[in-house]
Amino acid sequence: MDRFLQDPESEKLLREHNRALEAAEALEGMPFKPKTTRDKLLKQFKFRQKMNKDKSGGRDSLSAVDVSFAPPIYPPCLAPLKDLKKLMVKDLLLETHHRGFHILVRSITRAEKMAAVMVIAEDEQNDAIQLRILNGKPRCQDGSIDEGQILLVKEPSLTLMSDGEYGIRVDHVSDILFIPMFNKMVPSAWRERLPERETSQWTAGDWLNMGNEELNRGKFYSATEYYSKGLECSPTAEETHYLLYYRGLAFFQVDEWDASLRDLDAVSAGPKSDKALRGKAQTLYRLKRFRESCDVFTELCREHPEDVGARSDFREAIARLGEQKKGVYNFKKMQEKASKTSPPLLDHATWIGPVTIRQTKSKGRGLFTTEAVKAGDLLLCEKAFAYVTEHPSRPRWCSTLHINTEMRSTTRGGQLALASLIIEKLYKNPSLASTITDLHSGGFKQVSTAPVDGKPVIDTFQVARTISLNSFGSPTSSRADHIHDACDSSRSSEMLHNCGVWPYASKLNHSCMSNAHRAFIGDMMIIRAAVDIPADTELTIWYLLPAPENQPMDFRHWGFECCCAMCADVRATDPCILENRVRQRAHIAMALEKGSSVISCKRAETLIENLAKTYPRPVEQVLHLGLWEPLTLIAGVYASQGQHDKAGEAVSQALAAVGFVLEGSVEGPLVVKKWGLAMDNLVVAWLILRKYFLEVAPERATQVGRYARMAYLISVGEETSFDATYGMSLKVADEPHSEENQVKGWVV
Ligand SMILES: C[S@@+](CC[C@H](N)C(=O)[O-])C[C@H]1O[C@@H](n2cnc3c(N)ncnc32)[C@H](O)[C@@H]1O
């Protein structure tokens with residue numbers, strides 16, 4: 001999740017922006033009289049380019065002071081180009097959306113990529129203007145627009161930019177068209193490279209050669225335009241074959257898999273048909289259509305057994321199909337890969353387990369079990385549809401700051417980048433659009449998604465709203481997070497510096513009394529049952545961790561109020577009692593912080609008893625969540641003193657407070673009859689209990705150790721790394737107590 005900033009600096013920025021915008025709005029409809037000349041605009045732009053380059057250590061400026069602001073919501077242009085009249089820069093009106101018009105310009109600088117892709121462009125009358133493309137860069141995957149590129153903006157909006165200059169702002173990717181030089185709309189004065197009289201005589205073969213030249217130069221978009229033109233010029237069967245084949249390859253290179261597949265599908269038997277088949281299989285793989293990918297690989301291997309290179313790709317496709325069908329993953333390898341790859345994008349398939357999407361009574365859709373499952377069972381393992389990383393070590397000045405004047409908020413974080421990534425992916429591959437448009441969008445009024453001028457229409461604001469309701473922050477791996485938490489209980493949101501969208505898991509609703517738990521390995525989300533769950537039961541997760549002080553949880557961002565027993569109880573509880581709980585917890589923490597003397601432990605015990613009295617209702621009716629932390633804290637202190645009986649007693653009480661029902665003890669086998677909440681340091685709690693059993697009934701300790709593993713499986717998503725994480729600690733715990741045996745960081 002993005003971080004909402006409330007520091008004075010951000011507040012000031014928001015106020016200044018609001019003032020500037022109000023002043024700008026007062027000028028709506030006034031003629032645009034540029035206060036900055038063409039030369040000055042160019043000079044300012046070049047200065048900014050240099051500053052960015054310096055800040056990013058000489059690399060081109062993909063990072064810099066990124067400030068963006070969300071304008072009032074407006075829909076993308078739905079009109080075809082033929083219905084739009086042409087405008088010049090001098091015709092533009094301030095703070096106006098020029099519905100029914102378009103403007104044709106030529107970039108006179110290279111693009112600068114900050115929060116937006118920015119260029120200075122001129123019209124045919126040499127009037128220059130700043131142009132900013134936000135939320136995606138469909139034609140410039142590296143954020144670059146070459147000098148001389150012809151651009152057409154549909155229904156342009158002239159508005160005040162964050163730097164105080166007026167410019168054309170493009171929020172919807174479908175509102176900007178990249179016009180090839182040979183297009184008839186391009187004025188002859190701008191056609192330096194390809195005079196019209198020349199290209200009008202070209203044959204399909206000429207276009208093919210020109211396309212190949214562009215392909216070899218790595219200008220893939222440009223190449224596709226030449227091949228497309230060639231296909232319009234009555235090509236021979238052989239030329240058609242090559243035009244489609246190379247265009248398919250070029251589309252593949254720029255991640256336009258829908259178009260690539262269409263072309264490679266149409267390449268019939270003939271030269272390069274083995275390569276076309278391989279390209280097709282790879283494209284289907286990218287589209288996660290693993291069954292079809294395997295079918296094409298099978299055909300390829302049958303008809304071209306000499307193509308040994310295809311076999312390793314085929315093996316990967318088979319592995320993905322296996323994951324998709326059976327839900328069997330090599331979690332150990334996944335952990336290794338996630339720890340070594342940045343961003344941690346893992347090449348794995350999604351497995352949908354015994355779950356299905358159904359309508360709930362009051363929460364929209366939800367995810368339900370299709371059969372009874374046990375705590376720890378895998379329910380879903382999903383690959384992120386889109387995922388971005390914002391490293392916390394990234395200096396403040398190069399992190400995106402987003403000002404939303406309408407929502408009156410200033411945020412910093414990855415959601416803006418995530419929205420851009422998704423917009424780009426959908427624009428390039430319309431077949432994927434419904435994955436996002438089907439998600440809950442909080443009642444956002446959707447525009448028609450029918451293509452216009454042969455291109456999909458993407459509403460940026462709809463995607464942004466959907467992302468804000470369906471994306472989640474995530475650690476690079478829950479294991480790393482788990483280790484961090486166990487060593488330092490002061491949980492920091494800075495750990496959640498990645499964010500992504502997992503469309504299937506997005507159907508999970510929240511409950512503080514959740515019965516499922518999500519974990520991450522890179523961009524794979526792993527959902528496991530946190531308790532035993534009957535068939536046909538709605539699964540819920542935590543959107544936010546339940547507050548231990550039992551303050552009412554704030555879900556206004558998602559537009560609901562949690563109705564779980566704990567939240568209902570908090571609402572019904574006298575605020576003085578809630579305040580008392582906060583005070584008691586602070587006193588307990590202070591008592592235990594002061595050292596582990598007998599007196600401080602005794603005082604902490606008394607305070608815990610007092611805290612317990614603030615929960616008048618029995619735990620069967622409402623959990624005593626606020627007791628968990630103090631009880632596990634004191635258990636850790638007792639364990640470190642070798643007082644395992646007291647430690648075991650405190651853990652048993654802590655488990656009961658969060659809903660665990662244990663049966664048996666020293667006399668009989670210890671069995672979890674009912675699982676409670678999947679608390680963060682549950683594993684450590686079980687390990688303290690295990691140590692107690694090692695002292696009093698060693699034959700029971702193994703079972704308790706299994707529960708520790710189970711808690712780890714639920715929390716981290718997999719169990720294979722348990723020994724590496726806790727092995728040393730367990731070994732130490734099994735030995736007689738001594739000061740030196742404490743593994744730094746672990747409380748066991
Ligand atoms: C990520 S979506 C969850 C799936 C959603 N219910 C759907 O129909 O697609 C988040 C939205 O679900 C709804 N929601 C989630 N948990 C809820 C709860 N405990 N009570 C009411 N609504 C809830 C809210 O509308 C929230 O904005």
Side-chain angles (χ1 to χ4, degrees), residues 1-2 4 350 352 355-370 379-380 382-387 404 407 409 411 413-415 418-419 422 432-446 461-474 496 498-520 523 525-527 530-531 533 536-547 550-572 622-623 625 659 677-678:
M1 287 296 298
D2 283 3
F4 284 85
T350 293
I352 298 169
V355 294
T356 188
I357 298 166
R358 287 219 311 258
Q359 205 61 29
T360 66
K361 278 200 186 110
S362 57
K363 298 175 255 172
R365 289 162 302 183
L367 217 56
F368 289 76
T369 49
T370 53
L379 302 175
L380 177 68
E382 187 171 12
K383 162 91 180 159
F385 179 79
Y387 183 87
N404 190 328
M407 307 281 285
S409 66
T411 54
Q415 259 188 49
L418 186 65
I422 289 175
L432 304 177
S434 61
T435 315
I436 295 298
T437 53
D438 279 357
L439 296 180
H440 172 69
S441 62
F444 192 94
K445 206 167 162 287
Q446 195 172 326
F461 298 101
Q462 185 194 356
V463 173
R465 173 75 62 84
T466 307
I467 297 312
S468 82
L469 294 173
N470 293 274
S471 67
F472 287 99
S474 73
L496 304 180
N498 309 312
C499 71
V501 172
W502 291 265
Y504 203 88
S506 278
K507 310 299 182 304
L508 283 159
N509 290 313
H510 165 91
S511 172
C512 302
M513 306 278 295
S514 63
N515 54 8
H517 194 267
R518 61 164 179 240
F520 299 92
D523 70 333
M525 188 195 274
I526 300 160
I527 307 276
V531 299
I533 312 172
D536 294 326
T537 307
E538 192 193 345
L539 295 164
T540 51
I541 54 166
W542 288 332
Y543 286 9
L544 300 172
L545 291 180
N550 273 7
Q551 297 298 321
M553 300 282 285
D554 187 352
F555 294 99
R556 270 176 301 179
H557 170 78
W558 287 277
F560 70 90
E561 209 174 54
C562 183
C563 298
C564 77
M566 280 195 294
C567 285
D569 188 60
V570 168
R571 274 181 225 115
V622 55
L623 300 185
L625 187 63
L677 295 184

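Residue numbers count from 1 along this sequence. Just so it is clear, the structure is predicted and the values come from calculations on it, not from any experiment. Just so you know, ligand 1 is whichever comes first in the structure, and atom 1 is the first atom listed for that ligand. All heavy atoms count here, side chains included; hydrogens, waters and symmetry mates do not.
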Six-ring centre of Phe444, Arg465 cation under 6.0 angstrom, axis tolerance 45°: no

Hey, what polar pairs (N/O, under 3.5 Å) does ligand 1 make with protein?
unit_1, atom_1, unit_2, atom_2, d
ligand 1, 6 (N), Lys363, O, 2.6
ligand 1, 6 (N), Arg365, O, 2.8
ligand 1, 6 (N), Asn509, OD1, 2.8
ligand 1, 8 (O), Arg365, N, 2.7
ligand 1, 8 (O), Arg365, NE, 3.4
ligand 1, 9 (O), Arg365, NE, 3.4
ligand 1, 9 (O), Arg365, NH2, 2.9
ligand 1, 12 (O), Asn509, OD1, 3.2
ligand 1, 14 (N), Asn509, OD1, 3.3
ligand 1, 16 (N), His510, N, 3.0
ligand 1, 19 (N), His510, O, 2.8
ligand 1, 25 (O), His440, NE2, 3.2
ligand 1, 27 (O), His440, NE2, 3.2
ligand 1, 27 (O), Trp558, O, 2.6

Just so I know, are the side chains of Asn509 and Tyr543 near enough to count as touching, which here means a heavy-atom distance under 4.5 Å? yes

Within-4.5 Å side-chain heavy-atom neighbours: Leu432 and Phe385: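 Touching, per the 4.5 Å side-chain cut-off.
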
Using side-chain contact (heavy atoms from CB on, under 4.5 Å) as the criterion, list what pairs up with Gln446, not counting sequence neighbours. Thr437, Thr449, Gln462

Just by modelled atom types, is the Asp536 backbone N or O under 3.5 Å from a matching donor or acceptor in the Thr369 side chain? yes

Do any N or O atoms from the side chain of His557 and from the backbone of Ser468 form a donor-acceptor pair under 3.5 angstrom?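 Indeed, once roles are kept as given, a pair shorter than 3.5 Å links the two residues.
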
